[in-house]
Amino acid sequence: MTQNIERLRDAMTEKGLPALLVSQIDNVQWATGFTGSNGFLLITPTDERFITDGRYTLQAEKQLAGVRVESYNSGVDGNKFIAQNAIDMGVSQIGFESDATTYSSYEKLKSSFNGVQLTPVEGLITPLRAVKTPEELDKIRRACKLADACFEHVKRMVQPGISEYDIGLEIEFYFRRNGAQLAFAPIVVSGERSASPHGRASEKKLEKGDFLTLDLGANLDDYCSDITRTVVVGEASDRHREIYGACLRSQLAALDAMKPGVLAKDIDRISREAMGDYAQYFTHGLGHGLGRVVHDAGRMNSTSDTVLEPNQVWTVEPGIYIPGFGGVRIEDDVIVTANGIDNLTGATKDLLI
């Protein structure tokens, strides 16, 4: 049984919830450590069962030590199988993840859970996922170290004539050679294309005077990193230096303001104020939670009322994107500590040329 199952059980007790069906796969994986693509967790104050289909029986039994695994084969109605297990556990009322359940899925659940009261539950797991356990923090830390090493590796490729594709492929090869997967498709954009925050690598070749933005992350042992650095190819103009300086100033101000009890939207505001006139070109939120998935629980933007707590992990990634010229983004991954932050990202933020 995992520590996260116990944390979930405590949260259920606080809410007076007699049973819960966890169906959103990211939440299932977070609670159990299961890495397959199909699974459900039935949990009560005294019992838990993991439900999956026959493809994952052996995997689930191996990964979920101490948790009873029940699986069904092709031709069996999965919802009815889950419902029967709930009834066998003595469940008469059960919560379901209403924020992750479509109406059609709810209708199927309702018809299958005949005689069992279904109660919508929203926002129970998200706050738990946002605060990481020591084991989770260690895994994220190692994923960040690998991302740092990858940036150090690929920056040596940067020169006029190299294509964005070549750099993107080398990022993927580097992670795979070091036992990791891509946390997401790398963003490799140069010149005017760097003004697209989520642009993808293309056949464009690097040219002297280009901004080059590299956004990359490793998925190592099922936990992710997500870092961004921007460099200049060949030579930097005064305008390059001014824009880069504004972005770095924004990020450093945000990092300095992060501590327990501060609202995420206030950190976002501070970063924009520090950016000055360039804030008009900052077109997305400041950051997001990081964990088993890249965009984990928590958003840091102008409307987020999330309160920073110790052991949350955030990306902090202000950007400036000027159409027709290019863009800059600088992104670190940080743990909120009792007094501030622990920055997991070691790659230099000096303007590299």
Side-chain angles (χ1 to χ4, degrees), residues 1-72 76-102 105-106 108-136 222-223 289 291-293 296-298 311:
M1 187 187 310
T2 70
Q3 183 177 349
N4 284 338
I5 285 180
E6 288 302 323
R7 293 172 65 199
L8 177 55
R9 181 171 280 130
D10 290 343
M12 290 169 57
T13 300
E14 290 179 7
K15 296 287 187 182
L17 194 62
L20 178 68
L21 171 63
V22 185
S23 59
Q24 211 274 344
I25 191 60
D26 290 336
N27 289 339
V28 173
Q29 292 174 337
W30 166 82
T32 65
F34 178 65
T35 60
S37 63
N38 183 49
F40 302 83
L41 177 66
L42 283 168
I43 182 170
T44 72
T46 59
D47 196 9
E48 66 280 328
R49 290 188 190 183
F50 181 79
I51 314 294
T52 189
D53 65 71
R55 296 172 299 165
Y56 293 114
T57 305
L58 295 178
Q59 177 180 339
E61 289 174 346
K62 182 178 180 180
Q63 292 182 329
L64 280 69
V67 177
R68 178 171 171 174
V69 174
E70 297 286 348
S71 60
Y72 56 92
V76 174
D77 186 313
N79 285 320
K80 291 181 179 178
F81 187 84
I82 294 168
Q84 186 58 55
N85 272 272
I87 292 169
D88 292 345
M89 294 169 68
V91 171
S92 58
Q93 177 186 354
I94 189 167
F96 69 96
E97 296 179 285
S98 58
D99 49 351
T101 304
T102 65
S105 295
Y106 168 73
K108 291 175 183 177
L109 280 177
K110 187 169 66 171
S111 65
S112 298
F113 278 76
N114 188 26
V116 177
Q117 179 183 344
L118 292 173
T119 303
V121 176
E122 184 175 354
L124 180 68
I125 295 179
T126 297
L128 302 179
R129 276 180 55 180
V131 178
K132 271 54 180 183
T133 65
E135 180 183 13
E136 289 177 306
D222 301 314
Y223 280 78
R292 288 189 66 92
V293 293
D296 206 351
N311 296 332

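Note that these values count all heavy atoms, side chains included, but never hydrogens, waters or copies made by symmetry.
With Thr44 as the fixed residue, the side-chain contact (heavy atoms from CB on, under 4.5 Å) test singles out one of Leu17, Val91, Leu20: Val91.
Between the side chains of Glu97 and Asn27, a donor-acceptor pair is found at a separation under 3.5 Å. Between Ser92 and Gln117, the side chains place no donor N or O within less than 3.5 Å of an acceptor N or O (distance only, hydrogens not considered).
Arg68 contributes no side-chain N or O that, together with a main-chain N or O of Phe50, makes up a donor-acceptor pair within less than 3.5 Å. Remark: the backbone N or O of Ser71 is not paired with any side-chain donor or acceptor of Thr52 at under 3.5 angstrom. Between the side chain of Asp99 and the main chain of Glu122, no donor-acceptor pair closer than 3.5 Å is present. In this structure, Ser98 contributes its side chain and Val121 its backbone to a donor-acceptor pair below 3.5 Å. Side-chain atoms of Glu136 never come within 3.5 Å of backbone atoms of Gly291 as a donor-acceptor pair (strictly under, hydrogens ignored). Counting only distance, with no hydrogens or angles, the side chain of Thr126 and the backbone of Gly123 share no donor-acceptor pair below 3.5 Å.
Between Arg292 and Phe34, the closest heavy-atom pair is NH2-O, 3.5 Å. The nearest pair of heavy atoms linking Ile43 to Met12 is O-CE, 3.4 Å. For the pair Ile25 and Gly39, the tightest heavy-atom approach, listed with the atom from each and the gap, is CD1-N, 3.9 Å.
To the nearest 0.5 Å, the span separating OG1 on Thr35 from CD on Gln63 amounts to 3.5 Å. In this structure, CD on Gln29 lies 8.5 Å from CD on Gln24, to the nearest 0.5 angstrom. The structure places CG of Leu21 at 7.0 Å from CZ of Phe40, a figure rounded to the nearest 0.5 Å. Separating the CD1 atom in Ile51 from the CG atom in Leu41 is a distance of 8.5 Å, to the nearest 0.5 Å. Taken to the nearest 0.5 Å, the OG atom of Ser112 stands 10.0 Å off from the CD1 atom of Ile87. Taking CD1 of Ile82 as the start and OG of Ser23 as the end, the distance is 8.0 Å to the nearest 0.5 Å.
The shortest distance between side-chain heavy atoms of Leu42 and Val22 does not fall below 4.5 Å. Contact annotation: the side chain of Thr133 never approaches that of Thr2 to less than 4.5 Å [non-hydrogen atoms, C-beta and beyond]. Contact annotation: the side chain of Trp30 never approaches that of Val293 to less than 4.5 Å [non-hydrogen atoms, C-beta and beyond]. The shortest distance between side-chain heavy atoms of Asn4 and Leu128 does not fall below 4.5 Å.
Evaluation of the side-chain hydrogen bond (donor to acceptor under 3.5 Å, both in side chains) rule for Asn311 yields no partner, not counting sequence neighbours. Take Glu61 and apply the salt bridge (Lys or Arg N to Asp or Glu O under 4.0 Å) test, not counting sequence neighbours, and it matches no residue. Residues passing the side-chain hydrogen bond (donor to acceptor under 3.5 Å, both in side chains) test with Gln93, sequence neighbours excluded: Thr119. The side-chain hydrogen bond (donor to acceptor under 3.5 Å, both in side chains) search around Ser37 returns Tyr56, not counting sequence neighbours.
Note on Asp47 versus Arg9: no salt bridge recorded, every NZ/NE/NH1/NH2 to OD/OE distance being 4.0 Å or above.
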Open item on the list: For Thr102 and Ser105: C-alpha separation, side-chain torsions, deciding distance, then whether side chain to side chain donor-acceptor pair (under 3.5 Å) applies.
Closed with: CA-CA 5 Å; Thr102 65; Ser105 295; 2.9 Å; yes
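Residue pairs satisfying the salt bridge (charged side-chain N to carboxylate O under 4.0 Å, His left out) criterion with at least one member in residues 14-30, sequence neighbours excluded, are absent. Here side chain to side chain donor-acceptor pair (under 3.5 Å) pairs that include residues 78-88, with residues two or more places apart or in two chains, are Arg49-Asn85, Gln84-Asp88.
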